[in-house]
Amino acid sequence: MLRIYNTLSQQKETFEPIKPRVVNMYVCGPTVYNYIHIGNARSVVAFDTIRRYFEYCGYHVNYISNFTDVDDKLIKAANDQNMSVMDLADKYIEAYKEDVKALNVEPATNNPRATDNINGIIDFIKTLVDKGYAYESDGDVYYCARKFNGYGKLAHQSIDDLESGASQHVNDEELSKKDDPIDFALWKKAKNDEIAWDSPWGKGRPGWHIECSVMSTKYLGDTIDIHGGGEDLEFPHHENERAQSEAKTGKKFVNYWMHNGFVTVGDENEKMSKSLGNFVTVHDIIKNVDPQVVRFLMSTTQYRRPIQYNQANLDAAANNLKKIKNAYNNLNYRLKDADSFNDPKVDQEVRQIQADFQDAMDDDFNAQNGIDCVYELAKLGNVYAERPIVFEQTVKLILKKLTKMASIFGVKFETDEEINDDKINNLIKERDQARADKNFARSDEIRAILKSKGIILEDTAQGTRFRRE
C-alpha cells in the first residue's frame with residue numbers, strides 16, 4: 001500500500017488516486033533565463049524517480065511540468081545579452097531538454113509555456129476579480145490573501161506572521177499599491193519597453209504564481225492528485241497557487257503536496273550561491289562527470305532528504321553504479337552457456353527481494369532502502385553467475401528484475417549485443433590464440449588496443465569477456 005508524505009497534513013497518507021490506476025501530477029518547472037543548476041536538477045530527478053515508480057506499479061502518469069518563460073529575471077537577462085525575451089527562453093528551454101535527457105529523465109507529458117497561456121491567465125484573473133478575491137491597482141492586479149479562508153495552512157504559519165514577513169520584503173512603491181502587504185501580484189503593469197500583452201487592466205504580463213494554477217487546471221483538471229516541487233516553493237509559490245485555484249474553482253486544488261529537499265555543495269555543506277563561488281550548472285557538470293552518476297547520486301536519496309553534492313559522494317555513486325552494471329554484465333554473459341529450466345530456490349530469493357523493494361518504495365518512495373534491495377539483487381546475481389552451471393530461466397529472471405528495479409533510478413544497461421563488435425571479437429580470438437602460443441607480448445598488445453577503445457577484458461573461468469570502461 002503506497003503512502004505519501006503530504007506537506008499540507010505533515011503526515012504520511014495512503015495514496016488514493018482520483019481515477020483508478022491514473023496519476024495526474026504537476027511539477028513546477030524552471031524559469032528559463034539560464035542553464036539549470038544542480039538544485040533544479042534535484043527536483044527534476046526526484047519527481048522523475050517518483051513517476052517511474054508509479055509506472056513500475058502499473059499506473060498511467062499524466063506528468064505536466066511548465067516553463068516560466070517571462071518574468072523579471074528573463075527580462076533582465078535578455079537585456080544583458082541583447083536578445084529578445086522569447087529568443088532567450090527558446091535558447092534555455094532547448095538547453096534544459098538536452099541536460100535532463102543526459103540525466104535520463106523521461107519527457108513530460110506536456111511542458112506548457114506561460115506565454116502560450118496568456119488568454120487563459122487573463123480569464124482566470126478576471127474570474128478572481130469578479131468573485132472579489134482580486135483587485136486592480138494602477139494597472140497591476142493583486143490577490144487579496146485575507147479573503148481566502150485558510151491562507152498559510154500549507155506553509156503552517158499564521159497569516160499575521162506571514163504578513164509581518166512580507167512587509168519586510170516589499171518595496172515602498174509596491175506596498176503603496178497593495179491593500180495588504182501579504183497580497184500578491186496576478187498581473188503586472190508593463191514598464192517602459194518591456195514585453196507585454198493587452199488585458200482589461202492595460203498592457204502587462206502575468207505574475208509568477210498564476211501561470212501554474214492556469215496550466216495545471218487546464219491540463220489536469222480542477223483537482224489534481226499530486227503537486228510537486230522544491231521545498232523552497234512551499235511558500236509563497238505553492239501557498240499562492242492553492243489560494244487562487246481554490247478561490248476560482250471552489251474545489252480542493254491538490255490532494256497530495258510533495259516537496260523535495262535541498263542540495264548543498266562541497267564538503268562544508270554550503271548552500272549553493274553565486275556569491276560563494278559554488279554555483280554549479282548541470283550543463284557544466286556533465287562535461288566532466290558521467291550524467292548517469294549524477295542521476296544515480298540524486299535518485300538514490302529519498303526525495304525529502306537533503307543531498308550533499310561533493311566529490312566523495314560522486315565517487316561513491318559511481319562505484320555503486322558500476323557494481324550494479326557489472327552484475328548485469330556477468331549474468332548476461334552467462335546466458336551463452338546457461339542450461340534450460342530454472343532454479344526454484346533462487347527464483348524465490350529474487351521474488352522476495354522484489355517484494356522488499358516494493359515495501360521500501362511504497363513507504364513514501366524510500367529510495368535509500370529501495371536501492372539497497374537492488375544491491376542485494378546484484379549480489380545474488382554475481383554469486384549465481386559464478387556457479388559452474390546456471391539455468392537460463394533463472395538468469396533471465398534476475399536480469400529482468402534487476403533491469404526494472406534499477407531503471408526507476410535512471411540506470412541504463414548496455415547488453416552484449418549493443419556493445420558487441422566484430423573487430424573486438426576477432427581481436428579477442430587472436431589474443432586467445434596468442435596466449436595459447438605463449439606469445440604474451442602480442443596478447444598484452446591486444447589488451448592495450450582494446451583498452452584504448454574503452455574495452456576492458458576480463459578473464460573468467462567461462463572464458464574471456466569484455467565490458468565498456
Quiz item: Which pairs with one or both residues in residues 59-72 pass salt bridge (Lys or Arg N to Asp or Glu O under 4.0 Å), sequence neighbours excluded?
Solution: Asp69-Arg113, Asp72-Lys188, Asp72-Arg205
Quiz item: Residues two or more places apart in sequence or in another chain: which of them pass side-chain contact (heavy atoms from CB on, under 4.5 Å) with Lys401?
Solution: Val350, Gln354, Leu377, Leu397, Met405
Self-check item: Pairing of Asp160 and Arg146 as salt bridge, 4.0 angstrom limit
Solution: yes
Quiz prompt | Donor on one side chain, acceptor on other, Ser158 and Asp161, under 3.5 Å | solution = yes
Practice problem: Kindly state whether the ring of Tyr63 and the ring of Tyr26 have centres lying under 6.0 angstrom apart. | Solution: no
Quiz item: Between the side chain of Ser299 and the main-chain N/O of Thr49, is any donor-acceptor distance below 3.5 Å?
Solution: no
Quiz item: Looking at Tyr92 versus Tyr35, is the centre-to-centre ring distance below 6.0 Å?
Solution: yes
Quiz item: Atom CG of Leu162 and atom CD of Glu239: how far apart are they, to the nearest 0.5 Å?
Solution: 7.0 Å
Quiz item: Under 3.5 Å, is there a donor-acceptor pair between the side chain of Asn6 and the main chain of Asn255?
Solution: yes
Exercise. Only pairs at least two apart or in different chains count here, so list each salt bridge (Lys or Arg N to Asp or Glu O under 4.0 Å) that has a residue in residues 9-19.
Key: Lys12-Asp363
Quiz item: Quick one: do Arg387 and Asp343 make a salt bridge, cutoff under 4.0 Å?
Solution: yes
Quiz item: When you look at Phe15 and Tyr256, which way does the ring pair (Phe, Tyr, Trp, His ring centres under 6.0 Å) test go after all the steps?
Solution: CA-CA 8 Å; Phe15 178 67; Tyr256 304 88; 5.3 Å; yes
Quiz item: Does a side chain donor of either Tyr53 or Asp362 reach within less than 3.5 Å of an acceptor in the other side chain?
Solution: yes
Quiz prompt | Close side-chain approach of Phe253 to Asp222, heavy-atom, < 4.5 Å | solution = no
Quiz item: Is a side-chain donor-acceptor pair under 3.5 Å present for Gln244 with Asn240?
Solution: no
Quiz item: Can you check whether Asp123's main-chain N or O pairs, donor with acceptor, with Thr127's side chain at less than 3.5 Å?
Solution: yes
Quiz item: Just checking, is any N or O donor in the side chain of Glu211 or Asn66 under 3.5 Å from an acceptor N or O on the other one?
Solution: yes
Quiz item: If we ignore angles and hydrogens, is there a donor and acceptor under 3.5 Å between the side chains of Asn104 and Lys412?
Solution: no
Self-check item: salt bridge (Lys or Arg N to Asp or Glu O under 4.0 Å) against Asp339, all qualifying residues, sequence neighbours excluded
Solution: none
Quiz item: Between the side chains of His209 and His238, is a donor N or O closer than 3.5 angstrom to an acceptor N or O?
Solution: no
Quiz item: For Ser43, what residues pass the side-chain contact (heavy atoms from CB on, under 4.5 Å) criterion, not counting sequence neighbours?
Solution: Val27, Phe47, Asn260
Practice problem: Any ring pair (Phe, Tyr, Trp, His ring centres under 6.0 Å) involving residues 340-374? Give me the pairs, sequence neighbours left out, ordered by first then second residue. | Solution: Phe54-Phe365, Tyr56-Phe357
Practice problem: Could you grab the distance from atom CG of Asn369 to atom CD of Gln302, nearest 0.5 Å is fine? | Solution: 9.0 Å
